[in-house]
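Presented below is the structure to which this report refers.
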Amino acid sequence: MRFSAPKGSYDVLPPESAAFLAVRDALSRPAILAGYEYIETPIFEDTALFARGVGESTDVVSKEMYTFEDKGGRSLTLRPEGTAGVMRAVIEHKLHAGQLPVKLWYAGPNFRYERPQHGRYRHFTQVGAEAIGVDAPMLDAEVVALAWDGYRALGLREFRLLLTSLGDSTCRPPYRALLQSFLNRLELDADTRRRVELNPLRVLDDKRPEVQAELEGAPVMVDHLCRDCAEHYDGVRTRLADVGVQWEEAPQLVRGLDYYMRTTFEFVHSGLGSQSAIGGGGRYDGLSAAIGGPELTGIGWALGVDRTLLAMRAEDIALPTRSRVQVYGVPLGAAAAERLFVLVASLRAAGVSADLAYGGRGLKGAMKAADRSGAAYAVVLGDRDIEAGAAALKDLRSGEQIAVPLDALVATIQELLS
Ligand code: AMP
């Protein structure tokens with residue numbers, strides 16, 4: 001029997017895995033620079049956390065969850081997104097009792113049973129950031145700007161930031177009713193009519209052109225914001241402009257998770273075809289209460305690592321690579337291998353990355369491995385050199401070679417690399 005990775009999943013393999021890590025690090029770095037601290041939550045949670053937190057009427061909850069019963073009879077779900085679990089952890093451990101906002105970042109896999117296609121997987125990786133417990137437009141602007149900075153740091157240019165406000169519990173219910181009465185006048189299929197009852201805002205997000213044609217002239221939330229929400233939204237935009245972030249008004253933007261309110265945004269990239277969203281997020285002031293916590297505001301985002309990599313490819317940005325090691329040991333004989341084994345350990349202890357050819361490969365094979373490792377230097381040592389007490393240190397770029405006493409190798413290499 002031969003196995004392959006399950007449908008919709010993939011392996012992150014070297015050497016491209018170096019780019020994967022570099023993207024993950026670049027996307028989280030702006031948050032780290034802004035004082036966000038790392039959090040890790042379980043990959044599975046109580047199913048009810050997502051049902052209540054993300055929303056029963058969303059596709060994510062109603063169609064896409066990996067839900068299973070464990071041996072203790074509990075219903076668990078592989079996390080389809082990160083915010084609900086982070087909020088659960090904040091409430092459970094009362095992180096909000098300390099300094100506010102609670103600023104957290106995380107990275108890891110998420111699972112959604114979606115129809116796999118280019119850029120859409122069942123197992124995908126996100127970097128996330130959340131700022132919890134303070135409701136200030138300036139904080140919204142910080143959060144959005146951190147994502148912007150991450151993409152820019154990777155060299156991406158062909159992305160757009162779509163921004164809107166989804167209102168709050170004062171102005172959304174009357175807007176929702178207004179939208180429902182507009183939608184009820186349209187010719188819609190039974191499924192869509194059901195959605196009009198459950199979650200009319202999601203109908204605006206329908207991708208089918210015939211539905212979009214019907215939606216022309218539909219009322220949009222931003223035209224019906226209450227005073228507080230309108231002021232809040234103005235504040236966010238002013239602060240974003242202050243730090244040079246450019247956005248487009250996207251009054252039709254509705255996102256796939258129910259908990260968003262007020263500031264809501266998505267980053268889209270022009271080189272990705274239909275799965276164009278490389279990241280998104282928003283304010284989720286109702287989430288904490290929805291999962292049994294105190295009234296606690298929050299804003300955050302999740303950025304797709306996989307799609308960000310695809311976007312970099314689409315823009316022909318050289319993907320970050322990394323030499324595997326700086327120094328590679330080439331032993332000619334068993335005694336030399338034993339000696340180099342100790343030498344690479346000393347190099348690593350001195351902070352120099354080092355490897356050696358294992359398995360008695362002979363000069364030619366070992367030199368090839370040295371080249372492939374990306375090392376700057378090879379240390380070539382034969383059994384007979386041990387008696388002489390010196391190894392050949394070869395500069396793999398220039399090909400130059402010098403003899404270096406064995407006990408001076410670590411210091412010499414350190415000096416050459418500095
Ligand atoms: P969401 O949690 O749906 O707001 O997604 C945030 C970001 O995660 C999206 O903008 C995508 O970049 C990424 N993402 C979401 N779902 C998938 C998926 N099925 N496959 C790959 N990336 C995804």
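Just so you know, ligand 1 is whichever comes first in the structure, and atom 1 is the first atom listed for that ligand.
- The aromatic rings of F267 and W148 lie tilted to each other, with the angle between the two planes from 30° to 60°.
- Between F111 and Y66, the angle of the ring planes goes over 60°, which puts this pair in the perpendicular group of the 30/60° scheme.
- Not one N or O of A302 is nearer than 3.5 Å to an N or O of ligand 1, by distance alone.
- Considering backbone and side-chain atoms together, A277 places an N or O closer than 3.5 Å to an N or O of ligand 1.
- Within the 4.5 Å cutoff, no side-chain heavy atoms of P116 are placed close to those of Y121.
- The residue from E114, R112, Q275 that puts a heavy atom closest to atom 2 (O) of ligand 1 is R112.
- Ring to ring, W105 and Y38 are close: their centroids are under 6.0 angstrom apart.
- In terms of polar-atom proximity, L303 is not counted as a contact of ligand 1, lacking any N or O under 3.5 Å from an N or O of the ligand.
- Backbone and side-chain nitrogen or oxygen atoms of Y121 are examined, and one is located within less than 3.5 angstrom of a nitrogen or oxygen of ligand 1.
- A donor-acceptor contact closer than 3.5 angstrom links the side chains of D189 and T192.
- Geometrically, R237 engages Y233 in a cation-pi contact defined by less than 6.0 Å to the ring centre and at most 45° from the axis.
- Contacts between R120 and ligand 1, counted as non-hydrogen atom pairs separated by less than 4.0 Å, involve both the backbone and the side chain.
- Side chain to side chain, T297 and D135 fail the donor-acceptor criterion of an N or O pair below 3.5 Å.
- If you number the atoms of ligand 1 from 1 as listed, the ones under 4.0 Å from a heavy atom of G279 come out as 10 (O), 12 (O).
- Residue contact check: G119 has heavy atoms under 4.0 Å from atoms 20 (N), 21 (C), 22 (N) of ligand 1.
- Each of the atoms 14 (N), 15 (C), 16 (N), 17 (C), 18 (C), 19 (N), 20 (N), 21 (C), 22 (N), 23 (C) of ligand 1 lies under 4.0 Å from some heavy atom of F124.
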